[in-house]
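Notes follow once the structure below has been shown.
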Amino acid sequence: MNDKIMNLNGLRDFLATELKKVAAGKITPATANASANIAGKILSSVKLELEYNKLCGTTPSIDFIKIDETEAALLENHEVDGGEK
Amino acid sequence: MTMRKRKTEEEIKAGYRKRYLKWKELNQEHAKEYAKEYREKNKEHIKQQLKKYNILNKERLALKKREYALKNKDNIKKYHKEYYLKNKNKILNERHDYFVKNKSEILKKNKELYSRNKKIYNKNMYENKKKKMLADKEFKEKIYEAVRKYRKTHKHIANIRAKKRVVELHDCYIKNLLTKNSPNLHFNDIPQEFVNAYREVIKLKRILKRGEQKDE
């Protein structure tokens, strides 16, 4: 994984590139499956933190969720294709 | 011989003013009557003078007005409310008459305003409706009942919509997946970025599943 994956949008970008690579046949399905599983685990840990904050009644301040405004604007303009429709 | 100094015009005016104020204090009632008579006699002259004064000191007066309005905001609101309640019928009739007279112009202006701020109006309308709905419990229950009834009678349409949500990976579907096994989490607690990231994970998993099925 890159050093870029420090927040949710970075993870999203990484998964999108992985998707493209699998479709092009550059990566074996096994490696793609492993990365998908890891991403799922990361997200489940974030979800757990969200739940913990909800139970404690505190506002969540998770760095992984925080995103810069400029980064968000860039992502809004550049939507990632792929997936089932 | 010492020469007496001549008074300036301003000093003479100030002397007159002093004498007038002294006289006013001693003869208050008479002064009031005198002022009334003077006002009635020189009505037009006073109007013209006031107009001139307002034109000359336009900016200063506007600033003063603004300052006063900011200081006495609550009092002004109270006064306007009281005035409206007292003269409600009169005001409404006047408004109606004005509308009837200038109907076409008013409608044109309203259309232009709406077209300019369409997005804001629609957003505000939607938010206001939502607020009303959330505040009124009876209304909320009515709507929920209507939705339940509709789902029962139009099951096939509801099914088609649900399938569409699953295929297109709608936010609603992903949030439902995330909150299924955690009763403390609500749809509002999950940030949009989290949903987007989870959507990518599901996309990847689906593509891998499709590949496996083809191989088999």
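Quick note on labels: first sequence line is chain A, next is B, and so on, each numbered from 1.
When heavy atoms are compared at a cutoff of 4.5 Å, A/Leu55 approaches chain B solely by way of its side chain, counted from C-beta outward. Only the side chain of B/Leu208 has a heavy atom closer than 4.5 Å to any heavy atom of chain A. Only the side chain of A/Lys54 has a heavy atom closer than 4.5 Å to any heavy atom of chain B.
Side-chain atoms of A/Asn33 do not come within 3.5 Å of backbone N or O of A/Pro29 as any donor-acceptor pair.
Checked against salt bridge (Lys or Arg N to Asp or Glu O under 4.0 Å), B/Lys32 has no partners two or more places apart in sequence or in another chain. Applying the salt bridge (Lys or Arg N to Asp or Glu O under 4.0 Å) criterion to B/Asp136, with sequence neighbours excluded, gives no partner residue.
Of the charged side-chain nitrogens involved, none lies within less than 4.0 Å of a carboxylate oxygen, so that B/Glu10 and B/Lys13 do not count as a salt-bridged pair.
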